[in-house]
Number of protein chains: 4
Amino acid sequence: MKESAVKKIAVLTSGGDSPGMNAALRAVVRTANYYNIECYGVREGYNGLISNDFLKMGARSVKNIINQGGTILKSARSTEFRTKEGRQRAYDNCVKLGIDGLVCIGGDGTFTGAKIFSEEFGIRVIGIPGTIDNDIFGTDNTIGYDTALNTAMDAIDKIRDTATSHNRVFFVEVMGRDAGFIALNSGLATGALDILIPEKKDSTDDLFEKFRKAEKTGKASSIVVVAEGEKLANVYDLAEKTKQIFPDYDIRVAVLGHMQRGGSPSCADRVLASRLGYGAVVGLMDGQNNVMAGMRSNDVVYTPIEEAIKKHNEINKDLMLISEILAI
Amino acid sequence: MKESAVKKIAVLTSGGDSPGMNAALRAVVRTANYYNIECYGVREGYNGLISNDFLKMGARSVKNIINQGGTILKSARSTEFRTKEGRQRAYDNCVKLGIDGLVCIGGDGTFTGAKIFSEEFGIRVIGIPGTIDNDIFGTDNTIGYDTALNTAMDAIDKIRDTATSHNRVFFVEVMGRDAGFIALNSGLATGALDILIPEKKDSTDDLFEKFRKAEKTGKASSIVVVAEGEKLANVYDLAEKTKQIFPDYDIRVAVLGHMQRGGSPSCADRVLASRLGYGAVVGLMDGQNNVMAGMRSNDVVYTPIEEAIKKHNEINKDLMLISEILAI
Amino acid sequence: MKESAVKKIAVLTSGGDSPGMNAALRAVVRTANYYNIECYGVREGYNGLISNDFLKMGARSVKNIINQGGTILKSARSTEFRTKEGRQRAYDNCVKLGIDGLVCIGGDGTFTGAKIFSEEFGIRVIGIPGTIDNDIFGTDNTIGYDTALNTAMDAIDKIRDTATSHNRVFFVEVMGRDAGFIALNSGLATGALDILIPEKKDSTDDLFEKFRKAEKTGKASSIVVVAEGEKLANVYDLAEKTKQIFPDYDIRVAVLGHMQRGGSPSCADRVLASRLGYGAVVGLMDGQNNVMAGMRSNDVVYTPIEEAIKKHNEINKDLMLISEILAI
Amino acid sequence: MKESAVKKIAVLTSGGDSPGMNAALRAVVRTANYYNIECYGVREGYNGLISNDFLKMGARSVKNIINQGGTILKSARSTEFRTKEGRQRAYDNCVKLGIDGLVCIGGDGTFTGAKIFSEEFGIRVIGIPGTIDNDIFGTDNTIGYDTALNTAMDAIDKIRDTATSHNRVFFVEVMGRDAGFIALNSGLATGALDILIPEKKDSTDDLFEKFRKAEKTGKASSIVVVAEGEKLANVYDLAEKTKQIFPDYDIRVAVLGHMQRGGSPSCADRVLASRLGYGAVVGLMDGQNNVMAGMRSNDVVYTPIEEAIKKHNEINKDLMLISEILAI
């Protein structure tokens, strides 16, 4: 193997946490350890870079965390890192410690920070996509997305039990501020009557039409899954508008909320996190810089961070059609 | 065995559904079948009695439902049954079919209806406590309560992952309109900093004092579990008031909602439901009337329905103290 | 409050581990902390007493463990503690450290050791029943039993899916060397055709009779749950004998094994463990000695350890009858 | 849309069942219904074709099954279908009913039967890969694989709790007769010390070397995950050989068994099954024949059945390396 481009790296988790961040962290630390790269954990995201909160990490520092939700390094959104002064202090701390590579686990915001930091100071950075929203280009799935899907699905399965028992209509809000991946997939998986996501133009007319059609086919209860970022209306307003048109309906609202961010990661997420954590360190060693390690068709690929931020995974149009056909 | 006091019984589920109702229903139907009592299911609670919606049930009618949440007979709250005319029609339908015993699975409201019906028309009724709230006197646990506890706990465990990663404060609302059992037990089980329930007098001063104490002991994130029926304030108002006093806190709210009513019942709930379903039929056969079958210290006991409605299980005071001591 | 009978206590987990041991440990440590009793953890059960492996524990030592299976103090069966010399060294270490009270979390074997130790050296001991088998007298449930029941039930539910799809017969072995509690309750909860436990006399004739009866009622697949300690035969032999009589049956065997000992504890187990951990410390402070803290009818009670070991909870005979009636 | 190549189709599930078969079935039936193709379910796989066990299915026939493990059509391995006579009768029944397309959900054996049947009689067939083993070429994942991975992982997580508490070594057998996918991925996800799979040449020397290395790094407990089809030895023999070399080790064996085939399907499996069920019907309508509908890089693709059977997905070599590096 040729000489590594990095000798001493730091790793941090930033932005909204997602299940599997710990598994990714474990992979980064142990891969570094295996290749004799020194590795430091940074606490509370970019804040820790600024406040000099580094933590030497060895193979045993990350034991028993592969199955834990959250992130043992903690996460934060850093306003100070958005300033030139903040980033300068962060860089000075890195220089002091001799850090020559940085692994940033997080989403859009995390990557934007990483990109600027790298471009300003020339420090090598590599991103790992950790967010439940799956809204990062350059990877089929982001870390935490599969777990969040299962959490949302399990909750909606439970809601369906009571919806069916009472012939009720439920509007269920799932996470996804700009992206409808969780809504579309969890809705398809639970036989939702309709799925409202920011990526398509929805109308109450279409929704109400579906209710009428469902009545005809004898469907006595219905779930409508709505992404957090849906532009038509939020779940409460949708419930109210529906009640006005269908006064006989027994309508309820459920907002699944932050439980979708936690929990022990699924097998797919642990494997994805392990592979990307490994891929990030090996990428840095190979001289990669300002890129994100992602998984495409079962292979690790490196995408320029700029692209990962700017482009977006498209919602699969087939999926929308299929969900309509199957939710009769 | 002496002659059975009933020959043909009907069973219904009414009020809010709870996990384990199907298991109770299965036990009623199969016990009746075993003792050669004819058994009818009534659809949608008391509404089905009124609309003559009876369904002959045999041993195979209830196969593969012991593990299903909800109720295959469906449930409803019946306004018509609150009128004398409604009950008269219900009774006429029972007479026409020859029903001489009625098993009513549900909570407070269900039992009130059963009691009046029995007293007005002399038809034998027996209640089975099916509600997640555990607010029925005459049984250590109601059917569905244990499952709901685990559902709430699992959700709060997940929320804790993200709370810890971000040093956040979460106000989590769990079900329980008049009773704090779910809040107290799920809060204790998840190490909640504070637990607010309708049974005790809470104050924001006490709550804020706990936040201050937690800061001193180095607790960086906190969960406060609040029963739906808490009188002090709801979770949104609590969050706002806390923010005013502790402006630095990163505060979030989660309302667990109806998922607590669904899901595959826990082992304890399936066993409880099976025993009470059996106990209800055997009780009717033995001449019991206007009572509820409950479980106390691992034995089936019969409590007058009137008592079951009027009295209440007390919150265990030790539990409150213990939750305070342990959530340091 | 009168003066505490103990000033410095130690706590250990011993024997087979069970889910909730950590929750009990947390409760012991934090209750001691609250009442200003010094508290030490002992590693690897009685072995740690002998090898002087004590660990000072404060409120933060037990954070984030209430939801963890296993035991952070580790457990072991100690052969050395069965010798007088071993116990003498254990006692000497306690004296050196000033330990005047010992909390022993475990089962039969653990309690036998505790009793002898206390009687020989006069050191105060109190037991907490932590075992999945539920075979300890003096408490309605042991810590870990409820979780193990749910683990076994979930596994059998999954097995039923495939049994039903293939019209198969499954013999499923669950844990329980001398006690059939897990078998009986998980079997009842999953609609097992038959349940074989050491507490009753089983015969293959009875079993085969049930298969014949099931055929008549149209039951196409069957689960037979067998306790580990069943005397008639083990699951493999039962499968073979059944195949000889019913050569057309497609028979499979499943041994659930050690997964039943692990996993995040259920809500009931966390609450039970918290109450008994609290009860044990308060009991020691009140002067209790050579007793076990248990839960009966929702109250903490203290039973002489001798009784807890010698007597046994009886299998509820109703349950056997009910399981037969319901598994038609 | 051009005219459909099929007017009346039948669907069957065959071979070992897998979670998500019901979701696939639901998708086939509802897609057919949507496009006005008549649809029949065949009971018990190819046996039902031979015994003329067809079942007309409409949109409501498949309600509430998307979340159910197993297959409501039941599955079987048919010896009669391996004979020319059997297949002739099957074909005659299809002709009688007017079936002009057949959807076969299953694995290798199922597809072999489908291929022969199609080639012999010219009836259109399309396969859907339903097997937990993931050993089918032409699709990134088979239906049921993701669920089985999570089931295996959850069980191993529980086993780890007790392994860690007792400093034990566990040999855990997971399913996979010819393929190590479940072993490799569940082993990676649970931090297994070693993973033994049929695709690579294993030796006890390598295994023992890993034990020695683990001792040095202070790893006190270990999990070794072994695929059912591992050629070196089975778990019992491995345990015995290890005991001979490391007599101090406290070694246990766990065979996870058939629970891996059951359970409510994961979100990924429900979505995959829905898409492939849709893709199969649309494929038949478009004139596809003797192919399998699979998913590659998030797109439905059709692979000749012959290829699906003969070729095999390769185990990712990176994964083996990563699992070694991370399980330090």
Side-chain angles (χ1 to χ4, degrees), chain A residues 13-22 43-45 47 68-77 130 132 144 147-148 151-152 154-168 170-173 175 220-221 223 235 250 252-265, chain B residues 13-19 21-22 43-45 47 68-77 130 132 144 147-148 150-152 154-168 170-173 175 220-221 223 235 250 252-265:
Chain A
T13 52
S14 159
D17 63 327
S18 75
M21 279 188 163
N22 277 328
R43 288 170 60 88
E44 306 202 4
N47 284 340
Q68 304 282 333
T71 155
I72 59 166
L73 288 180
K74 303 213 169 184
S75 183
R77 298 178 207 273
I132 62 167
T147 306
T151 299
D154 286 344
I156 302 175
D157 276 353
K158 288 188 170 72
I159 290 170
R160 178 171 294 287
D161 283 341
T162 185
T164 309
S165 300
H166 285 275
N167 294 345
R168 275 179 179 152
F170 266 88
F171 287 91
V172 181
E173 182 188 293
M175 282 196 162
S221 67
I223 306 278
V235 278
D250 188 6
R252 292 289 187 284
V253 164
V255 176
L256 298 190
H258 279 81
M259 57 179 284
Q260 293 166 88
R261 289 203 183 284
S264 182
Chain B
T13 52
S14 161
D17 63 327
S18 74
M21 279 187 163
N22 277 328
R43 289 170 59 88
E44 306 202 4
N47 284 341
Q68 305 281 332
T71 155
I72 59 167
L73 288 180
K74 304 215 170 183
S75 183
R77 299 179 206 272
I132 62 167
T147 306
N150 283 307
T151 299
D154 286 345
I156 302 174
D157 275 353
K158 288 188 170 72
I159 290 170
R160 178 172 294 286
D161 283 342
T162 185
T164 308
S165 299
H166 285 275
N167 295 343
R168 274 178 180 155
F170 266 89
F171 286 91
V172 182
E173 183 188 293
M175 281 197 161
S221 67
I223 306 278
V235 278
D250 189 6
R252 292 290 187 282
V253 163
V255 176
L256 298 190
H258 278 81
M259 57 178 285
Q260 295 166 86
R261 289 203 182 283
S264 182

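Since this is a predicted model, take the numbers as computed values, not measurements. In the text below, chain A, chain B and the rest are named by the order of the sequence lines, each starting its count at 1.
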Practice task
Answer with side chain, backbone, both or neither: which region of A163(B) has an atom nearer than 4.5 Å to a non-hydrogen atom of chain A?
Solution key: neither

Handout entry: K74(B): side chain to side chain donor-acceptor pair (under 3.5 Å) partners, not counting sequence neighbours
Key = N167(A)

Problem - Heavy-atom contact with chain B under 4.5 Å, split by part of R43(A) - result: neither

Problem - Heavy-atom proximity to chain A below 4.5 Å, by part of E44(B) - result: side chain

Exercise for the section: Go through the atoms of A254(A) and report whether side chain, backbone, both or neither lie under 4.5 Å from a heavy atom of chain B. Expected result: neither

Problem - Atom of T162(B), atom of R261(A) and distance for their closest heavy-atom approach - result: OG1-CD, 3.8 Å

Exercise for the section: Please name the pair of heavy atoms, one in H166(A) and one in D17(B), separated by the smallest distance, quoted to 0.1 Å. Expected result: NE2-N, 3.2 Å

Practice task
Under the side chain to side chain donor-acceptor pair (under 3.5 Å) rule, collect the residues that match up with T164(B), sequence neighbours excluded.
Solution key: none

Practice task
Write down the atom of G70(A), the atom of S165(B), and the distance for their closest heavy-atom approach.
Solution key: CA-OG, 3.1 Å

Problem - For D161(B) against G69(A), the heavy-atom pair lying closest together - result: OD2-CA, 3.5 Å

Exercise for the section: Step by step, work out the side-chain contact (heavy atoms from CB on, under 4.5 Å) result for K158(A) and Q260(B). Expected result: CA-CA 8 Å; K158(A) 288 188 170 72; Q260(B) 295 166 86; over 6 Å; no

Handout entry: side-chain contact (heavy atoms from CB on, under 4.5 Å) between M259(A) and M259(B), worked out
Key = CA-CA 12 Å; M259(A) 57 179 284; M259(B) 57 178 285; 3.8 Å; yes

Practice task
Quick one: which of G45(A), S75(A), G16(A) has the most heavy-atom pairs under 4.5 Å with chain B, could you say?
Solution key: S75(A)

Problem - Straight-line distance of S264(A) OG to D157(B) CG, nearest 0.5 Å - result: 11.0 Å

